[in-house]
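Keep in mind the model is a prediction, meaning the values are calculated, not measured.
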Amino acid sequence: MTETTIPMLPCRTSLIDSVVAFYTALGFDTTYLQKSPYAYAVVERGPVELQLYGMKEYDPASSHSGCYVLTEDVDGLHTAFRSGLKAAYGRVPTRGLPRIGPLKDMSYGVRQFLVTDPTGNTIRIGQPISEDLNHRPAPKETFARALHLADLFADSKQDLPGAAKIIDRVLGRADERPTPGQRLRLLVLRADIAQRMGEAERAAELLAVAEGVELGPGEREAATDTLARLAELRDCSRAGPSAGPRTGADPSPP
């Protein structure tokens with residue numbers, strides 16, 4: 001006997017068309033859609049099925065709903081999702097709602113990224129890269145520990161102010177200095193957080209400093225994901241506010 005789990009996610013009733021258009025951009029097919037007597041939609045992409053139910057007073061900005069999807073090709077899905085979103089929105093949305101986050105190797109043995117729909121549901125897409133999926137102990141070294149904790153705060157707890165405080169504290173230290181690779185990662189993550197918090201000027205300042213970090217050959221190879229995110233954030237900063245989808249649907253709220 002085979003069982004199947006199907007996530008049921010809340011959706012603000014007035015955003016049902018925007019949400020369906022968003023998942024269409026990610027390569028999902030809409031297999032069911034109704035507007036009355038209440039909004040309800042079913043979207044599917046291969047074996048992944050999501051069901052969305054409408055709530056008139058649902059607040060996307062305060063949403064904590066979502067689910068985790070495991071895959072054997074997280075890099076391929078990240079590329080495909082970014083491409084689909086760029087085609088639908090005119091650019092890749094990296095802040096506000098909707099948005100897609102960067103690829104990261106997490107401290108619990110998973111390589112993952114987060115994608116958040118117009119109504120605030122966060123879908124985590126991950127691929128195991130270790131047989132041990134337990135949280136690793138926080139490193140004792142100052143800057144490695146800060147990166148470990150800031151990543152968890154930003155992407156697991158989604159506590160952006162908390163992650164920002166961790167990074168600001170260690171970058172302000174005068175008694176210790178991070179390696180160039182650590183400094184780059186800290187600056188890019190802090191710029192990412194600033195953009196997501198709507199602090200465009202602060203993000204631009206951090207990106208400018210990050211671009212000036214000089215890496216050695218070995219460090220550059222280890223920083224591939226961080227350098228890719230730096231380029232994405234720089235392009236996003238220059239492009240300005242997110243545009244709505246090119247589908248006729250109303251733009252989602254910031």
Where do F113 and I123 land on the side-chain contact (heavy atoms from CB on, under 4.5 Å) test, with the steps shown first?
-> CA-CA 9 Å; F113 68 95; I123 313 300; over 6 Å; no
So M197 and R95, side-chain contact (heavy atoms from CB on, under 4.5 Å) or not? Walk me through it.
-> CA-CA 8 Å; M197 293 175 66; R95 61 181 186 270; over 6 Å; no
Determine, stepwise, if the pair K35 / D17 fulfils salt bridge (Lys or Arg N to Asp or Glu O under 4.0 Å).
-> CA-CA 9 Å; K35 304 292 184 66; D17 288 331; 3.2 Å; yes
Is there a side-chain contact (heavy atoms from CB on, under 4.5 Å) between L33 and I16 once you walk through the steps?
-> CA-CA 9 Å; L33 176 62; I16 190 70; 4.0 Å; yes
Decide side-chain contact (heavy atoms from CB on, under 4.5 Å) for T119 and L9; before the verdict, give the C-alpha distance in whole Å, the side-chain angles of both, and the deciding distance to 0.1 Å.
-> CA-CA 10 Å; T119 202; L9 305 174; over 6 Å; no
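A salt bridge does not link R12 to D59: none of the charged nitrogens lies less than 4.0 Å from a carboxylate oxygen. Salt-bridge annotation for D192 and K104: absent, with no side-chain N of the basic residue lying under 4.0 Å from a carboxylate O of the acidic one. One finds a salt bridge joining R111 and D75 here, because a Lys/Arg side-chain nitrogen approaches an Asp/Glu carboxylate oxygen to under 4.0 Å. Using a cutoff of 4.0 Å between basic side-chain nitrogens and carboxylate oxygens, D151 and R185 are scored as salt-bridged.
A donor-acceptor pair under 3.5 Å is absent between the side-chain atoms of Q195 and the main chain of E199, judged by distance alone. Side-chain atoms of E141 come within 3.5 Å of backbone atoms of A144 as a donor-acceptor pair (strictly under, hydrogens ignored). Distance alone, capped at 3.5 Å, places no donor-acceptor pair between the Q158 side chain and the D155 backbone. Looking only at distances, no side-chain donor or acceptor of T30 sits under 3.5 Å from a matching main-chain atom of V43. At distances below 3.5 Å, not a single donor-acceptor pair connects side-chain atoms of H78 with backbone N or O atoms of D73. Between the T24 side chain and the V20 main chain, a donor and an acceptor come within less than 3.5 Å of each other. When atom types are taken as modelled, the side chain of R169 and the backbone of I166 share no donor-acceptor pair closer than 3.5 angstrom.
Shortest non-hydrogen contact noted between T94 and R99 is C-CB, 3.7 Å. Listed here is the closest heavy atom pair of Y68 and Q112: OH-OE1, 2.8 Å. Counting all heavy atoms, side chain and backbone alike, L206 lies closest to A194 at CD1-CB, 4.4 Å. For the pair I167 and L186, the tightest heavy-atom approach, listed with the atom from each and the gap, is CG2-O, 3.7 Å. Looking at every heavy atom in both residues, H148 comes nearest to P137 through CE1-O, 4.1 Å. Scanning both residues, A163 and A150, for their nearest heavy atoms gives CB-O, 3.6 Å.
Relative ring orientation between F22 and Y89 is described as perpendicular, the plane-to-plane angle rising above 60° on a 0-90° scale split at 30° and 60°.
Criterion: ILVMFWY side-chain heavy atoms under 4.5 Å apart, direct or through other members. Under it, F153 and V188 are not part of a common hydrophobic cluster. Follow the hydrophobic side-chain contacts under 4.5 Å out from V19 and you reach I125 in the same cluster. In the hydrophobic cluster analysis, where Ile, Leu, Val, Met, Phe, Trp and Tyr join through side-chain heavy atoms closer than 4.5 angstrom, L26 is grouped together with L77. M106 is not connected to F143 by any chain of hydrophobic side-chain contacts under 4.5 Å among Ile, Leu, Val, Met, Phe, Trp and Tyr, and they are in different clusters. Put simply, M8 and Y32 are part of the same group of oily side chains (I, L, V, M, F, W, Y) that touch within less than 4.5 Å, one to the next.
Within a 6.0 Å radius of CD in E176, other residues, nucleotides and ligands contribute more than 12 heavy atoms. At most 12 heavy atoms of other shown residues, nucleotides or ligands fall within 6.0 angstrom of atom CZ in R183.
No side-chain heavy atom of V69 sits under 4.5 Å from any side-chain heavy atom of R124.
To the nearest 0.5 angstrom, L207 atom CG is 10.0 Å from D235 atom CG. Here the CG-SG distance, from N121 to C11, works out to 7.5 Å after rounding to the nearest 0.5 Å. For the atom pair CG (D117) and OG1 (T122), the distance works out to 7.5 Å, reported to the nearest 0.5 Å. Atom CG of residue L184 and atom CG of residue L227 lie 5.5 Å apart, to the nearest 0.5 angstrom. To the nearest 0.5 Å, the span separating CZ on R196 from CD1 on I193 amounts to 7.0 Å. Separating the CZ atom in R91 from the CD atom in E232 is a distance of 11.5 Å, to the nearest 0.5 Å.
If you check the side chains of T71 and Q127, you find no donor sitting under 3.5 Å from an acceptor. There is a side-chain donor-acceptor pair under 3.5 Å between Y58 and S63.
Sorted by first and then second residue, the pairs that involve residues 41-55 and meet side chain to side chain donor-acceptor pair (under 3.5 Å), not counting sequence neighbours, are T31-E44, Y40-Q51, E49-Q51. Sorted by first and then second residue, the side chain to side chain donor-acceptor pair (under 3.5 Å) pairs with a member in residues 206-219 read E211-R234; sequence neighbours excluded.
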